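Keep in mind it's a predicted model, so treat the numbers as computed, not measured.
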There are 2 protein chains.
Amino acid sequence: MATPESGATLESVASAAGVSRQTVSNVLNAPERVAPETRERVEQAIRALRYRPNRSARSLRTRMSNLLGYCVQPAAAGNLNPVLDRFVHAVTESAAEHGFHVLLFTAPAGSAGLDRYAELLAQRAVDGFVLADTVVADPRPGWLTEQGVPFVAFGRSWSGPDRGRWVDVDGAAGMTEAVEHLHALGHRRIAFIGWPEGSGVGDDRVAGYTAACLRLGLDPRIVRAEGGAGTGRALAGTLLDGPEPPTALVCVSDESAYGALRALADRGLRPGEDVAVVGFDDTPAARLPGVDLTSLSQPIEQIGREVVQMLLGLLGVVELPPGPEHRLLRPTLAVRASSRPAGPAPAAPTEA
Amino acid sequence: MATPESGATLESVASAAGVSRQTVSNVLNAPERVAPETRERVEQAIRALRYRPNRSARSLRTRMSNLLGYCVQPAAAGNLNPVLDRFVHAVTESAAEHGFHVLLFTAPAGSAGLDRYAELLAQRAVDGFVLADTVVADPRPGWLTEQGVPFVAFGRSWSGPDRGRWVDVDGAAGMTEAVEHLHALGHRRIAFIGWPEGSGVGDDRVAGYTAACLRLGLDPRIVRAEGGAGTGRALAGTLLDGPEPPTALVCVSDESAYGALRALADRGLRPGEDVAVVGFDDTPAARLPGVDLTSLSQPIEQIGREVVQMLLGLLGVVELPPGPEHRLLRPTLAVRASSRPAGPAPAAPTEA
DNA sequence: AACCCGCTTTTGATCGTTCAACACGTCAAG
DNA sequence: CTTGACGTGTTGAACGATCAAAAGCGGGTT
């Protein structure tokens, strides 16, 4: 009696409470159908036996696993951006509020990986998918839509028709805000360090930059190349060494921005004072002392919550939010020393 | 017929192949019991119908969910170390090789979170747990051992008796290697920047440093304080400004090391030439151009694989590796410019 | 008295799989 | 010729929950 040993079933709870299986089930799934007095008795028995419904049995009958599939990609070697940590945590937490859990799996990129999705579906191991790391021409949204599988993506489909629901960061709006911020600080020659065209995310960000420049009457100046920090350093270098060097650099990512900061250091220029630098992603390294990079911070946690909300809506677990099928969330600009004259150091915000 | 609609069951496969349920089941779970000819016929039917066994039904009967529980902690705000990304990926991939998946959940830290573990067990949602982020006086290993629940931890239990199996990084060995590396470069005044005593991980690392110093006939010199990069900067500063300043700094983490690098920059000292710096964790930022921090790289992927191997061993899925209950894996030293005179730049290893 | 109604509870069937036991033919040992 | 073992395949009974439908039961209507 003292050790329930994890062996309680509906049946055992029922007999302990002197009712039938179904009544116990109703106490859990439709309490309003049970007379208050009976309910109380059953709940006592449940507590006494530490009963929890067996998930497999429930899944078998209801044809719902209460699991959301999430594919973990191998972390790119030099990736500074620990999105998985934050996004997955937010998703997991939101899902838990409705009795759902996250099931991780791996799959090769591209359409070769669709098999894994198909397998999980055939096994009825998951009720739907959370997609992340969506890329240009990602085959998953289209395929899942065809199959009628519920899913929500973090990141829009960058090519072809928009299949399915997604939540994404408004990179363009973020970059616009960055340009406005720099403009307000007095900068007039603001250049953009970006990726080659066709990357979706990169195009979105540069579009916001361009739009802001045009609206403020500035000349857009864009340099692009494949790569990370090394590339950013090189691109920034050519800009700084060229004619009419920019006084501010807006970078498509924090990685490029670190390269740009390095290019400044190479030339003895002080970030924030001689040349301002802004990045995108607000990676943890941005707030290291001596880096203090101004950057656009993505509302990852909120995205996770909204993705889950949408997905559970599709599954009929919660009411589907009435809004549109897509949500664009604005990043927020974390202003640090790299875009601000040093001044009397406003109460060291570098570390908590 | 053309669209299997994900509705195939054992029964339907059986009738398609002209055999009974159980024979189909045997083809999947004990092929040697089925005559080759029959097997072939069944396998054809399985392929034709795209049949996959329903996981819930199988779990219900076998009392195995084929899921490993993993608790995701909220990522600390300034955490530079995307271990989760890599570790979880490795775990997921290894588990998949044996038909297992990873189930994520969240739980409050400390013994308050044990409820979540208990709940998953009572629901029979998982077969065992992978623990990470183990801390000093972590209640989980003891509790899980008491309950007889299979689990393997990434990280030893730092206090009390060693309950259960674990795999960990040999921080002491890593630090010893760092000191030897610096000694070989000619450094004789090597100081250690660490955390306050009692952190487990930190104590392990400082022990390796001290041991190496004594063996090499060097004076151990240890400074400690709570915190990250800001702290590292301050501690390094006092060392550099003091009498007999060290020529090399071994840091308990990359974060401290970034602080130390900053302290060097504050004083116009060049890393690798004037003062060497070594960190621990090999965080992505370590290989940024202009950072080039020498650091100890943890074999995260291998740890993930070994953890899964052990856990599946405990579950009886694979043969339990005969070795001891614990495994200590050596980190490897990634030598970069911060502990090497600049020289003629040996084929830019900063970025792939 | 017969009927119906709404509320509560119970009963049988079912989800898809594996376990345990057994049926059947064959073949070697006693 | 019996016996037991083996190889192959079948059948009934679980696993623990939910669904659908029916049953018990006071009370009011006709």
Side-chain angles (χ1 to χ4, degrees), chain A residues 4-43 45-46 49-67 99 120-125 127 316-317, chain B residues 4-43 45-46 49-66 99 121-125 127 316-317:
Chain A
E5 287 290 336
S6 86
T9 70
L10 260 195
E11 201 74 57
S12 65
V13 172
S15 76
V19 295
S20 70
R21 290 190 311 263
Q22 186 62 33
T23 301
V24 180
S25 175
N26 285 337
V27 168
L28 294 170
N29 301 315
E32 74 283 0
R33 289 189 172 184
V34 181
E37 186 193 317
T38 318
R39 192 192 312 167
E40 179 55 34
R41 198 151 31 97
V42 171
E43 279 168 349
I46 289 178
L49 298 176
R50 289 215 171 69
Y51 167 74
R52 298 285 166 202
N54 180 308
R55 267 185 123 94
S56 306
R58 173 177 276 178
S59 297
L60 176 59
R61 184 64 237 223
T62 62
R63 297 161 164 286
M64 284 223 113
S65 64
N66 283 20
L67 291 175
L120 288 169
L121 291 167
Q123 297 179 145
R124 294 193 174 286
D127 297 331
V317 177
Chain B
E5 288 288 340
S6 84
T9 70
L10 261 195
E11 202 73 56
S12 66
V13 172
S15 77
V19 295
S20 70
R21 289 190 313 262
Q22 187 62 33
T23 302
V24 180
S25 175
N26 285 338
V27 168
L28 294 170
N29 302 316
E32 74 283 358
R33 289 190 172 186
V34 181
E37 186 192 317
T38 318
R39 192 192 312 167
E40 178 55 33
R41 196 152 32 98
V42 171
E43 279 168 349
I46 288 177
L49 298 176
R50 289 213 173 69
Y51 168 74
R52 299 283 167 204
N54 181 308
R55 270 186 120 94
S56 307
R58 173 176 276 179
S59 299
L60 176 59
R61 186 63 239 225
T62 63
R63 297 159 166 287
M64 284 224 110
S65 64
N66 282 18
L121 291 167
Q123 295 180 144
R124 296 192 172 284
D127 296 331
V317 176

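Each of Asn29(B), Val13(B), Leu10(B), Leu28(B) was scored for a side chain to side chain contact (heavy atoms under 4.5 Å, CB included) with Pro53(B), with one residue passing: Leu28(B).
Under the 4.5 Å side-chain criterion, counting only non-hydrogen atoms from C-beta, Val42(B) is not in contact with Val34(B). Residues Ser59(B) and Arg124(B) have side chains not in contact (no heavy-atom distance under 4.5 Å, counting atoms from C-beta outward).
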Would you give a per-nucleotide map of nucleotides 11-21 of chain D, 5' to 3', where B means the base has a protein non-hydrogen atom under 4.0 Å away, S means only the sugar-phosphate does, and - means neither?
BBBBBBBBBB-
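Residue Ser59(A) places no side-chain N or O under 4.0 Å from the OP1 or OP2 atom of dC15(C).
To the nearest 0.5 Å, atom OG of residue Ser56(A) and atom CE of residue Met64(B) are 11.0 Å apart.
Distance CE (Met64(B)) to P (dC19(C)): 12 Å, rounded to an integer number of Å.
With hydrogens and angles ignored, the 3.5 Å screen pairs no side-chain donor or acceptor of Ser12(A) with any backbone N or O of Ala8(A).
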